[in-house]
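Have a look at the structure below before the remarks.
Remember, predicted model here, so these are calculated numbers, not experimental data. Read the numbers this way: they start at 1 and go in the same order the structure lists the ligands and their atoms. For the numbers below, each heavy atom of this structure counts, side chains included, while hydrogens, waters and symmetry mates do not.
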Amino acid sequence: MSKDKFYITTAIDYPSGKPHIGHAYEKVCADCIARWNRLLGKEVFFLTGTDEHGSKIQKSAKKAGKEPKQYVDEMVVFFKELCEKLNISHNRFIRTTDEDHVKVSQGIFKKIHDSGEIYLGKYSGWYCSECETFYTEKDLKEGCCPTHEKKAEWISEESYFFKMSAYTEKVLDYLEKNSNSVLPAGKRKEIVNRVKGGLNDLSVSRANVPWGIPVPINDKHTQYVWMNALINYVSGVGAFPLDSKNELKDFWPADIHLIGKDILWHHTAIWFSILMAAGIELPKTVFAHGFINTASGEKMSKSKGTVVDPVEICDKYSADVLRYFLLREVPFGQDGNFSEEAMTERLNNELANGLGNLVNRTIVLIEKSFEGVVPDSKTDSDLQKKLKLGKIKKLMEGLELHHALAEIFAFVAACNQFVNEKEPWKLEGKEKEQALYSLADSLRIIAILLQPFIPETSEKINAQLNAEPGSLADCEFNRLKAGTKVKKGEVLFKKVA
Ligand code: MSP
């Protein structure tokens, strides 16, 4: 029997500067969901990458005195490094300059053009190259982009237009009929209300931005960067043309497009219309996560020097400390604040005193009492009841990552309490055997459940327990083999003053 497929994507980042904590956050959340689905036994494809064309990149390259291709080739290294540092388990890192992507992007443009839904006209209006988005006069705040607060530029040039206005009703209907099409639910309502106001035809080519994918029917134009970028989700698994022979194409439609709330409009109104026009199925869910702000809740800003470098944080602490903090601190779907102080507090209390201490106590006690050999026993039935596995699974299914992680740590706390109450070092015979078997068996399950959240730590616990990485099906008690030889390893988390 073939396995269930699960396809998750992140937004593709503009490599116009080094990656920041927002980029890290999105990748960590997507990675957690991808890993969870692998634990469920699904065949997962996880796509991330970079959005390398358009006026924003063209301008950054010019400022750096480089050709755009050379510039993106150099910048993409930082984004790949970020993925490596964070232990992101993506299956492909797509770049919109990849040859297969360019072909698919042109193919979809041509298909929509050939069906009479793209026409040549003249675009006159406002444009923000920070978010590569067109605005009307009334969208602007004192002449500035409402998202980036930078002066919008006036553009007046020949352009191809996509008849997006013709999709207002269809997009609305899809959004209204599919309650999971946009999550969280409040975000779907926002989009529904905006689409009700009507969609405008969309300018999908630029005559004055040479750094782009050439329009297949007129090489004086390049494709509007969003029209090309969104298509990465389809080209990433070779799902176009529709008769594609690519064996990954069955991953389409995507199960989840994970993106930030600032680009939800692009991923619903624009993306859904493009897909409908091209005759391609729509993604099942677009999930809009919140923003990571400064400690005081302000937007991070380069000019104020409040941007946090995730690679530096990983080097100073560890990937798992950052992953744990982001996943535990920020309610998934809402904004959250980042500060080293708050992260240190969680590191000291929950990771070092909580999890690290439990692992250390368990292994040391087994080494002292049984020369490191797991005794033959069964896990204490009261302790078993403290693990709410059904609840954790439900929370993950509902994408409540922060609550699921809290629930796993509630079990870690229950195990520590078990040690404090039982005082295994005072016990003898069968009672001692049972107490220590219970702890080692519980740790084995904890290591499985934590794998999507803090994979390096999960691996280290397995190494100390001499256990193989398990799947969710192995989260049953009493599966730890008696006679297993455990071995104390390095301290899992060092406290920070
Ligand atoms: N290139 C476009 C996306 C195209 S997807 C077809 C883009 N790039 S970006 O580099 O500006 O942003 C990449 C992702 O990071 C987006 O989902 C965005 O919402 C997210 N974040 C950017 N800053 C963020 C925070 N401060 N916090 C959390 N996520 C944020 O948009």
For this session: Give the residue and atom name of whichever protein heavy atom lies nearest to atom 29 (N) of ligand 1, and the separation in Å to one decimal.
Result: H289 CE1, 3.2 Å

Seminar exercise, completed: ligand 1 to A229, heavy atom cutoff 4.0 Å, flagged ligand atoms 6 (C)

Exercise. For ligand 1, which atoms, with element, lie under 4.0 Å from some heavy atom of G290?
Worked result: 28 (C)

Problem set entry | Intermediate values then yes/no, side chain to side chain contact (heavy atoms under 4.5 Å, CB included), E158 and K122 | CA-CA 4 Å; E158 183 185 79; K122 185 171 178 192; 5.6 Å; no

Exercise. Which residue supplies the protein heavy atom nearest to atom 13 (C) of ligand 1, what is that atom called, and how far is it?
Worked result: D13 OD1, 3.2 Å

Exercise. Does some non-hydrogen atom of S16 fall short of 4.0 Å from ligand 1?
Worked result: no

Exercise. Stepwise, does the ring pair (Phe, Tyr, Trp, His ring centres under 6.0 Å) test hold for Y174 with F272?
Worked result: CA-CA 9 Å; Y174 184 80; F272 290 1; 5.5 Å; yes

For this session: Could you tell me which non-hydrogen atom of R38 sits nearest to which non-hydrogen atom of F46, and how far apart they are?
Result: NH2-CB, 4.1 Å

Exercise. What do you reckon, does N232 have a nitrogen or oxygen under 3.5 Å from a nitrogen or oxygen of ligand 1?
Worked result: no

Exercise. Is the centre of the Y233 ring less than 6.0 Å from the centre of the H267 ring?
Worked result: yes

Exercise. Cation over ring, K5 on F251, under 6.0 Å and within 45°?
Worked result: yes

For this session: Enumerate the atoms of ligand 1 whose separation from the nearest heavy atom of I259 is less than 4.0 angstrom.
Result: 17 (O)

Seminar exercise, completed: among protein heavy atoms, the one nearest atom 22 (C) of ligand 1 is H20 CE1, 3.5 Å

Exercise. Quick one: does ligand 1 sit under 4.0 Å from the side chain of D51, the backbone, both or neither, non-hydrogen atoms only?
Worked result: side chain

Exercise. What protein heavy atom sits nearest atom 16 (C) of ligand 1, and how far away is it?
Worked result: E26 OE1, 3.5 Å

For this session: For residues F162 and Y119, establish whether the separation of their ring centroids is below 6.0 Å.
Result: no

For this session: Report the nearest protein non-hydrogen atom to atom 9 (S) of ligand 1: residue, atom name, distance rounded to 0.1 Å.
Result: Y14 CD1, 3.7 Å

Problem set entry | Which of the ligand 1 atoms, numbered from 1, are nearer than 4.0 Å to a heavy atom of I263 | 3 (C), 16 (C), 17 (O), 31 (O)

Problem set entry | From C29 atom SG to R323 atom CZ, the distance as rounded to the nearest 0.5 Å | 9.5 Å

For this session: Check whether any N or O atom of G260, backbone or side chain, sits under 3.5 Å from an N or O atom of ligand 1, and answer yes or no.
Result: yes

Exercise. Is there at least one pair of N or O atoms, one from H23 and one from ligand 1, spaced under 3.5 Å apart?
Worked result: yes

Exercise. Hey, do the aromatic rings of H289 and F332 have their centres closer than 6.0 Å?
Worked result: no

Exercise. Nearest protein heavy-atom contact for atom 21 (N) of ligand 1: which residue, which atom, what distance?
Worked result: F291 CZ, 4.1 Å

For this session: Report yes if some N/O of A11 lies less than 3.5 Å from some N/O of ligand 1; otherwise report no.
Result: no

Exercise. Does any non-hydrogen side-chain atom of L322 lie less than 4.5 Å from one of I21?
Worked result: yes

Exercise. For F409, is the NZ or CZ atom of R346 found under 6.0 angstrom from the centre of its six-membered ring and inside 45 degrees of the ring axis?
Worked result: no

For this session: Check whether any side-chain heavy atom of L183 lies under 4.5 Å from a side-chain heavy atom of R188, and answer yes or no.
Result: no

Exercise. To the nearest 0.1 Å, how far is atom 19 (O) of ligand 1 from its closest protein heavy atom, and which atom is that?
Worked result: D262 OD1, 2.5 Å

Problem set entry | Nearest non-hydrogen protein atom, atom 3 (C) of ligand 1 | I12 O, 3.2 Å

Exercise. Is the closest N or O pair between W226 and ligand 1 shorter than 3.5 Å?
Worked result: no

Exercise. With side chains defined as the heavy atoms from C-beta onward, is the minimum distance between F493 and N353 less than 4.5 Å?
Worked result: no

Exercise. At a non-hydrogen distance cut-off of under 4.0 Å, which region of H267 contacts ligand 1 (side chain, backbone, both, or neither)?
Worked result: side chain

Exercise. With a 4.0 Å cut-off, would you call E117 and K163 a salt bridge?
Worked result: no

Exercise. For ligand 1, is there an N or O atom under 3.5 Å from any N or O atom of I292?
Worked result: yes

